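The model shown is predicted, which means the values in this text are computed figures rather than measured ones. Throughout, numbering of the chain's residues begins at 1 and tracks the sequence.
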Amino acid sequence: MDFEERLEIDDFESEVMERIYSKPLLIKRVNTTSQIAIVGANVCPVESLDYEVPENELVNEDWRSRRTVQIFQYILLKWAFALIIGLSTGLVGIFNNIAVENIAGFKLLLTTELMLKQKYYKAFAAYAGCNLGLATSAAALCAFIAPAAAGSGIPEVKAYLNGVDAYSILAPSTLFVKVNVIGIIFGSIFGVAAGFVVGKEGPMVHTGSCIASLIGQGGSRKYHLTWRWLRYFKNDRDRRDLITCGAAAGVAAAFRAPVGGVLFALEEAASWWRSALLWRTFFTTAVVAIVLRGFIQLCSTGTCGLFGQGGLIMYDISAANVVYSTPDILAVILLGVIGGILGSLYNYLVDKVLRTYSIINERGAAVKILLVIMISLLTSICSYGLPWLATCIPCPADASTSCPNTDVSGNYKSFQCPPGHYNDLASLFLNTNDDAIRNLLSTNTVKEFHISSLFIFFVAVYCLGIITYGIAIPSGLFIPVILAGSCYGRLVGRLFEPISKLDVGLFSLLGAASFLGGTMRMTVSLCVILLELTNDLLMLPLVMLVLLISKTMGDMFNKGVYDQIVKLKGLPYMEAHPEPYMKHLIARDVVTGPLITFSGVEKVGNILHSLKNTGHNGFPVIDEPPFSDAPELCGLVLRSKLLVLLKGKAFSKDRVLAGNKVLRKISELDFAKAGSGKGLKLEDLDIQEEEWDMYVDLHPIANTSPYTVVETMSLAKAAVLFRELGLRHMCVVPKSQERPPIVGILTRHDFQPEHILGLYPHIRFQQ
């Protein structure tokens, strides 16, 4: 490539970078190379997790020293931790439900009482005031204590399980906002109780993962919690398994769907799976189900305030007669097609709103809270004002419940209507989101909601769901999508009523499934979650059909909503399928230099200089004469292990092998991974000037069998290997033996489109 061509490519690359910088969500980026991401509203550095089990003298010595009882302890602790995660997440889930129902119930009872006295302005002031207070509290917690708690949390957990290590994703301060401590109710409870069109399933997944991360820290030296058993979990591999269990437990607690939680972790959250992990996640979600069932049984006696009797089945529609014919199949296909289109549009609009909110949120905590207040007021105005557009409907003579009802929830809210009548829009708006979904899924109530009321509610919920996600509160996306989808499904059911045999409540279920498939792009886990929620296995074929159609339609336009958010945040997620242009490149094409290598026995000063002047986390170790006949790749050593080795000062004055000396001074426990932000840093070392010229043997700590690929392997194949094996570093070796033993190292960054298209900007157009 001559100089002019290089200049032309550099100019094009600058334009690409400038265009990327201009995107609102990435406005504070200092590069586009996937080294920096946004967690919450903060820019933070990104590294990769290391799931590979190293092989070296130190690890082998540690394994040889383990007795059978210690191996038994390790296995026992895995299951014990799964039990603790299930118990903790189940308790948080039941507390969240009780708190939300009681807080929202108090607010709705106060509003209803004032409405019955025809004090309409006071009723609105009370309703909006309660919402405003709750919303401001949730926003303040997220703005000042843990910005990473804002939003769903599922994209961050998904990225972590993919191998992305961004500080504060699962930090204890994030957990602090998503659960309660000593009776104080925090972000997720405030946000849901404030009447926002949000759910608690995203924060519950994040909470379960935070609990698992906290348990998986392997103890704490600071607080003298260094029980010998816990040291086995001071590694990324075991923490990943625990966090996978936590994510599954979060879904199980949010939806009371234990099997759905396992499948959610398998299909959506985890990038790596094995049969042993399946057993542990299933055990964890089973514990959650038992905890929930026990407390629901306790609450059925009336000891939980306004929390209903209920059960594990949240929306029981099993009473409906499931009979369908050809027109019903056509209606289901139409539901799937429209659901896919509406879902992809929803994802597109959420993308644009998030980019806009990022500009606003960067102005500080006060502006974040102000934005939450504005959305809260808008939601309150819609929820209280739109029911005035509805006409009063006479109560049905065969109503199974009181009509109009004056309690917290129910299908028949009187609002401003005279005795014997109810307001169908108020029955949807002036309820918790869970109760509104329950009303929409109710069976044998064909004429309960006017078509016009369903249309107004659908448009309002669809729009409010879009503009609410992205503000500084913990918020899930499942419930808003189910709410809008069930409304749209019931609307289609009313339109097909003359030719359909299906109950409109079943159409609501199918509408929710189609909208979920169009936004989330999941199939198996969503199908099981919906069936566990509704207790109607007879709907399985139709739910499967509508999910497949809606997912296929949505995939024609854009990616799933969580994948889009991961990309927006700049988290370097490794996709399951490599980009098509990767097939036209080989591993050598994306290797960037300069490559920093160490000798098997290296001078201390050289190591310190390299650590100080580079940000690399992995260094190839090359053996040269007299330690080998010819230069050969001895292994790979991590920065974190070099720092521990230098702190231990197992130095020698002569350039000789000193493995036994290193093994005597340092144990495998010294190299165990510390908690978030607690690792050893270069500034912590105290190396004297005379020690710079001494030598240190790297053989005992180097991974002597790193994963390697030949330089001519296609980049697409290398990317699949990198993701499937959960690697942090992949060594690229030459094809011929006459050359140096290593060409370079591939990391997660090298597989990102920003890096590849920066090196080869025209390759996208040459496919």
**Request:** Examine the side chains of Arg490 and Thr445 and answer whether a donor and an acceptor come within less than 3.5 Å of each other.
**Result:** yes

**Prompt:** Considering only heavy atoms from C-beta outward, does the side chain of Phe507 approach that of Leu335 to under 4.5 Å?
**Reply:** yes

**Prompt:** Counting only heavy atoms not in Phe283, do more than 12 fall under 6.0 Å of its CZ?
**Reply:** yes

**Message:** Using the rule side-chain contact (heavy atoms from CB on, under 4.5 Å), only one of Asn558, Leu516, Leu547 pairs with Arg521; which is it?
**Reply:** Asn558

**Complete:** When every non-hydrogen atom of Lys200 is compared with those of Asp434, the smallest separation belongs to NZ-OD2, 3.1 Å

**Request:** Find out whether Val561 and Leu477 are in side-chain contact, i.e. whether some heavy atom of one side chain is under 4.5 Å from a heavy atom of the other.
**Result:** yes

**Item:** Electrostatic pair Arg256-Glu532, nearest N-O below 4.0 angstrom
**Value:** no

**Request:** Verify salt bridge (Lys or Arg N to Asp or Glu O under 4.0 Å) between Lys551 and Asp555, making sure each step is shown before the conclusion.
**Result:** CA-CA 6 Å; Lys551 181 189 184 307; Asp555 286 338; 2.7 Å; yes

**Item:** Asp351 and Arg355 ion-paired at < 4.0 Å
**Value:** yes

**Prompt:** Hey, what do you get for CD (Gln118) to OH (Tyr120), rounding to the nearest 0.5 Å?
**Reply:** 4.0 Å

**Message:** Suppose the criterion is side-chain hydrogen bond (donor to acceptor under 3.5 Å, both in side chains): which pairs have a residue in residues 338-347, not counting sequence neighbours?
**Reply:** none

**Prompt:** Within the side chain of Asn433, is there an N or O that forms a donor-acceptor pair under 3.5 Å with the backbone of Gly195?
**Reply:** no

**Message:** Any side-chain to backbone donor/acceptor pair from Ser88 onto Ile85? Under 3.5 Å, distance only.
**Reply:** no

**Request:** Please indicate whether Trp388 has more than 12 foreign heavy atoms, meaning atoms of other residues, nucleotides or ligands, lying under 6.0 Å from its CH2.
**Result:** yes

**Complete:** In terms of heavy-atom contacts, Val543 and Cys527 come closest through CG1-SG, 3.9 Å

**Spatial distance of atom CG (Leu440) from atom CD (Glu448) [nearest 0.5 Å]** = 8.5 Å

**Message:** When you measure from the side chain of Ser508 to the backbone of Ser486, do you find a donor-acceptor pair of N or O atoms at a distance under 3.5 Å?
**Reply:** yes

**Check: Asn439/Ser442 side-chain N/O donor and acceptor closer than 3.5 Å** = no

**Prompt:** What's the verdict on side chain to side chain contact (heavy atoms under 4.5 Å, CB included) for Glu268 and Lys158, showing C-alpha distance, side-chain angles and the deciding distance?
**Reply:** CA-CA 7 Å; Glu268 181 67 10; Lys158 183 176 178 179; 3.0 Å; yes

**Prompt:** What pairs with Pro327 under side chain to side chain contact (heavy atoms under 4.5 Å, CB included), at least two apart in sequence or on another chain?
**Reply:** Ser325, Ile499

**Message:** Could you tell me if the side chain of Thr89 sits less than 4.5 Å from the side chain of Thr207, heavy atoms only?
**Reply:** no

**Prompt:** Does a side-chain N-to-carboxylate-O contact under 4.0 Å join Glu156 and Lys569?
**Reply:** yes

**Tyr573 six-ring face occupied by Lys567 cation (under 6.0 Å, within 45°)** = no

**Prompt:** Less than 6.0 Å separating the ring centroids of Tyr384 and Phe429?
**Reply:** no

**Request:** Spell out, as yes or no, whether a donor-acceptor pair under 3.5 Å connects the side chain of Asn102 to the backbone of Ile98.
**Result:** yes

Could you pull out every donor-acceptor pair under 3.5 Å between side chains of residues 258-267 and any protein atom, sequence neighbours left out?
residue	atom	partner	partner atom	Å
Glu267	OE1	Val524	N	3.4
Glu267	OE1	Ser525	N	2.8
Glu267	OE1	Ser525	OG	2.8
Glu267	OE2	Thr523	N	2.8
Glu267	OE2	Thr523	OG1	3.2

**Request:** Could you tell me the separation between the CD atom of Glu201 and the CD1 atom of Ile479, rounded to the nearest 0.5 Å?
**Result:** 5.5 Å

**Complete:** Tightest non-hydrogen contact, residues Ser550 and Ala513, listed as OG-O, 4.1 Å

**Item:** Side-chain donor/acceptor of Tyr315 to backbone N/O of Leu441, under 3.5 Å
**Value:** no

**Message:** Using a 3.5 Å distance criterion without hydrogens, assess whether the side chain of Ser427 forms a donor-acceptor pair with backbone atoms of Lys413.
**Reply:** yes

**Request:** Measure the spacing between CG of Leu428 and OG of Ser453 and express it to the nearest 0.5 Å.
**Result:** 8.0 Å

**Request:** Please confirm whether the backbone N or O of Cys417 pairs with a side-chain atom of Ser414, one donor and one acceptor, at under 3.5 Å?
**Result:** no

**Message:** Please check: side-chain N/O of Ser500 versus main-chain N/O of Glu497, any donor-acceptor pairing under 3.5 Å?
**Reply:** no

**Request:** Would you check if the distance from the ring center of Phe196 to the ring center of Phe190 is below 6.0 Å?
**Result:** no

**Request:** Of all the heavy-atom pairs spanning Met553 and Phe557, show the shortest one and how long it is.
**Result:** O-CD1, 3.1 Å

**Message:** For Phe282, I'd like to know if atom CZ has over 12 heavy atoms of other residues, nucleotides or ligands within 6.0 Å.
**Reply:** no

**Request:** Go through the side-chain N and O atoms of Asp503 and Thr443 and say whether any donor and acceptor fall under 3.5 Å apart.
**Result:** no

**Message:** To the nearest 0.5 Å, what is the distance between CD1 on Ile243 and NE2 on His206?
**Reply:** 9.5 Å

**Request:** Report the distance from atom CD1 of Ile333 to atom CG of Asp328, rounding to the nearest 0.5 Å.
**Result:** 11.0 Å

**Message:** Within the supplied structure, the quantity of interest is the number of heavy atoms (other residues, nucleotides, ligands) at a distance under 6.0 Å from His450 NE2; does it exceed 12?
**Reply:** no

**Request:** List the steps and the verdict of side-chain hydrogen bond (donor to acceptor under 3.5 Å, both in side chains) for Asn131 and Ser376.
**Result:** CA-CA 7 Å; Asn131 286 344; Ser376 175; 5.5 Å; no

**Request:** Evaluate the ring planes of Tyr562 and Phe478, with Trp represented by its six-membered ring, and classify them as parallel (under 30°), tilted (30 to 60°) or perpendicular (over 60°).
**Result:** tilted

**Asked** Less than 4.0 Å between a side-chain N and a carboxylate O, is that true for Lys559 and Glu575?
**Response** yes

**Message:** Could you report the tightest heavy-atom contact between Pro480 and Val198, atom names first, then the distance?
**Reply:** CG-CA, 3.6 Å

**Asked** What about the rings of Phe515 and Tyr462, do their centers lie closer together than 6.0 Å?
**Response** yes

**Prompt:** Just by distance, do the side chain of Ser475 and the backbone of Ile471 share a donor-acceptor pair under 3.5 Å?
**Reply:** no

**Item:** Sub-6.0 Å ring centroid separation between Phe95 and Phe295
**Value:** no

**Fill in**
Looking only at heavy atoms, the pair that brings Cys392 and Pro418 closest together is SG-CD, 4.0 Å

**Request:** Could you tell me whether a side-chain N or O of Tyr357 sits under 3.5 Å from a main-chain N or O of Ile467, the two making a donor and an acceptor?
**Result:** yes

